[in-house]
**Student:** 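First, the structure itself, so that you have it in front of you.
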Amino acid sequence: MTEAWRPDEDEQRRRGASGPVRVRVPAKVNLHLGVGPLRRDGYHELNTVYHAISIFDELTARRGDTLSLTMEGEGTGELALDDSNLIIRAAHALAGYAGVLPHARLHLRKQIPLAGGLAGGSADAAAALVACDTLWGTGLSREELAEIAADLGSDVPFLIHGGTALGTGRGEAVSPVLARPTTWHWVVAIADGGLSTPQAYRELDRLREAGSAGPPLGSIDGLLAALRQRDPRVLAAALGNDLQDAALVMRPALAATLKAGEAAGALGGIVSGSGPTCVFLAADAADAERIAVELENAQVCREARVAHGPVLGARVT
Ligand code: ATP
C-alpha cells in the first residue's frame with residue numbers, strides 16, 4: 001500500500017514529539033474469512049477481506065525514563081501490563097528496529113471488547129507502533145511499520161492501514177480493495193466473555209476432519225464484486241466466515257443472536273472473526289440504531305453498538 005502520512009502528521013513524526021501523542025485505532029471485521037489448510041508453521045492459509053469499523057481504542061504516549069503502561073476500559077482488568085502485552089511488545093519491536101531506547105509512558109483507553117473477534121489486541125499493537133514512531137521521531141513509512149507489525153500478529157499490518165483490504169498468507173499480506181467510497185452501517189452485538197482464536201481454529205480443523213463443517217467459502221470474487229455494487233443487500237448476501245461453524249459449536253447461544261438480528265431486520269449477519277461478537281449489516285444509519293435497540297431488548301447480547309466503515313487505521317489525532 002502506498003498511502004502517505006498527512007503533512008502535519010509527517011512533520012510531527014520526523015521531529016519527534018515532546019507533548020502527548022494520541023493515536024486512535026479501529027476494530028476490524030472480516031467481510032469474508034476463508035480459512036485454507038493448516039500450514040507447516042502452524043498457521044492456516046487465509047483469504048480474507050478486512051474492514052475497519054468505528055469502534056476505537058485510544059493510546060496516548062508521553063516521554064518517560066522507562067517503558068510503562070497503564071490501561072482503563074473494556075476488559076483491561078484481565079490484561080497483564082508486562083512484556084506479554086502486545087503494546088509493550090510493539091514498543092520493544094519498534095525500538096529494536098529503529099535503534100532507539102524504548103522509553104515512553106503509555107496509556108490505553110479501551111473500547112474494543114477483549115477476545116471478541118474484533119482484533120482489539122492487534123489494534124493496540126498497531127496504535128503503539130504509530131504512537132511511539134511519532135513520539136521518538138523514528139519517522140518510518142507505513143510500509144516499514146507494517147513489516148514490524150507482521151511479526152507481532154497477523155491482523156496488525158491491516159490495522160496500521162485500515163479501510164477495506166484483502167488479506168492473504170496468514171492474513172499479514174495486505175493490499176487495498178479498490179472500490180468507490182461507500183459507507184456501510186453495522187450493528188455490533190457484543191457477547192459476555194471472549195473466545196480464544198487458536199481454539200476456534202482447532203475446532204474448525206476438528207469439524208473438517210469429522211466432515212461436519214460447512215463447505216469452505218472458496219473464492220473471494222463474489223464479495224469483491226458485491227463491494228463494487230455499493231448495495232447493502234448485495235453485500236449482505238456475500239458475507240461469509242469459515243470460522244463461524246466453530247464459533248457456534250463453542251458458543252451455541254450465538255445462533256440465537258444471529259437469528260434475532262435477522263428478525264430485527266438486518267440485511268445479513270455473521271460471527272466476526274473467531275467470535276463471539278456478531279456483526280449485522282443495516283440498510284442505513286437509522287436502521288442500524290433501530291436494530292441495535294431490538295437486539296438489546298431481545299437480550300441476546302451484552303451490548304449492541306452501531307458502527308460504520310470503512311474507517312482509517314491507526315492515526316495520530
Ligand atoms: P483476533 O480476532 O485478532 O484473533 P480477538 O479480537 O479475538 O483477536 P483480542 O482482543 O485481540 O482478541 O485478544 C486476544 C488475546 O491477546 C487476549 O486474550 C490477550 O491474552 C492478548 N493480548 C495481549 N495484549 C493485549 C492487548 N493490549 N489488548 C487485548 N488483548 C491483548
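The analysis underlying the following values was restricted to heavy atoms, covering all of them including side chains, and did not include hydrogens, waters or symmetry mates. Atoms within each ligand, like the ligands themselves, are counted from 1 in listed order. Since the model is a prediction, treat every value here as computed from it, not as a measurement.
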**Student:** When only distance counts, is Ile87 in polar contact with ligand 1, meaning an N/O pair under 3.5 Å?
**Tutor:** no
**Student:** Tell me whether the count of non-hydrogen atoms from other residues, nucleotides or ligands lying under 6.0 Å of CG in Asp82 goes above 12.
**Tutor:** yes
**Student:** I need the atoms of ligand 1 closer than 4.0 Å to a non-hydrogen atom of Thr197, numbered in the order shown.
**Tutor:** 1 (P), 4 (O), 7 (O), 8 (O)
**Student:** Does only the side chain of Leu118 get under 4.0 Å from ligand 1, or the backbone, or both, or neither? Count heavy atoms.
**Tutor:** backbone
**Student:** Is Glu45 paired with Arg39 through a side-chain N to carboxylate O contact shorter than 4.0 Å?
**Tutor:** yes
**Student:** Evaluating non-hydrogen atoms only, which member of Ala119, Gly273, Pro113 is closest to atom 2 (O) of ligand 1?
**Tutor:** Ala119
**Student:** When you measure from atom 15 (C) of ligand 1 to the protein, is at least one non-hydrogen atom found at a distance under 4.0 Å?
**Tutor:** no
**Student:** Can a donor-acceptor pair be found between the side chains of Ser68 and Arg105 at a distance below 3.5 Å?
**Tutor:** no
**Student:** What atoms in ligand 1 come closer than 4.0 Å to a heavy atom of Ser122?
**Tutor:** 3 (O)
**Student:** Which residue and atom name correspond to the protein heavy atom nearest atom 11 (O) of ligand 1, and how close is it?
**Tutor:** Gly121 N, 2.7 Å
**Student:** Decide if atom CZ of Arg290 counts as having more than 12 heavy atoms of other residues, nucleotides or ligands within a radius under 6.0 Å.
**Tutor:** yes
**Student:** Do NZ/NE/NH1/NH2 and the carboxylate oxygens of Asp57 and Arg24 come within less than 4.0 Å?
**Tutor:** no
**Student:** Hey, does Gly117 come in under 3.5 Å of ligand 1, counting only N/O atoms on both sides?
**Tutor:** yes
**Student:** Relative to ligand 1, is Leu79 under 4.0 angstrom through side chain, backbone, both or neither, heavy atoms considered?
**Tutor:** side chain
**Student:** Should the pair Glu74-Arg305 be classified as a salt bridge under the 4.0 Å nitrogen-to-oxygen rule?
**Tutor:** yes
**Student:** List every atom of ligand 1 that sits less than 4.0 Å from any heavy atom of Leu114, numbering the atoms from 1 in the order shown and giving each element.
**Tutor:** 10 (O), 29 (C), 30 (N)
**Student:** Within the distance-only criterion (no hydrogens, no angle test), does the side chain of Thr257 pair as donor or acceptor with the backbone N or O of Val300 below 3.5 angstrom?
**Tutor:** yes
**Student:** Check each heavy atom of Lys110 against ligand 1 and say whether those closer than 4.0 Å belong to the side chain, the backbone, both or neither.
**Tutor:** side chain
**Student:** In ligand 1, which numbered atoms sit nearer than 4.0 Å to a non-hydrogen atom of Ala115?
**Tutor:** 5 (P), 7 (O), 9 (P), 10 (O), 12 (O), 13 (O)
**Student:** Could you check whether any side-chain N or O of Asn30 sits under 3.5 Å from a backbone N or O of His32, counting only pairs where one atom can act as donor and the other as acceptor?
**Tutor:** no
**Student:** Pick, from Leu243, Thr76, Asn85, the option with the minimum heavy-atom distance to atom 27 (N) of ligand 1.
**Tutor:** Asn85
**Student:** Where is the nearest protein heavy atom to atom 3 (O) of ligand 1: which residue, which atom, and how far?
**Tutor:** Asp155 OD2, 3.0 Å
**Student:** Are Lys259 and Glu262 close enough for a salt bridge, meaning some N to O gap below 4.0 Å?
**Tutor:** no
**Student:** Does Arg251 come within less than 4.0 Å of Asp192, counting only side-chain N to carboxylate O?
**Tutor:** no
**Student:** Please work out whether any backbone atom (N, CA, C, O) or any side-chain heavy atom from C-beta onward of Asp124 is under 4.0 Å from ligand 1, and answer side chain, backbone, both or neither.
**Tutor:** side chain
**Student:** Please report which non-hydrogen protein atom sits nearest to atom 24 (N) of ligand 1, along with the residue it belongs to and the distance in Å to one decimal place.
**Tutor:** Leu86 N, 3.0 Å
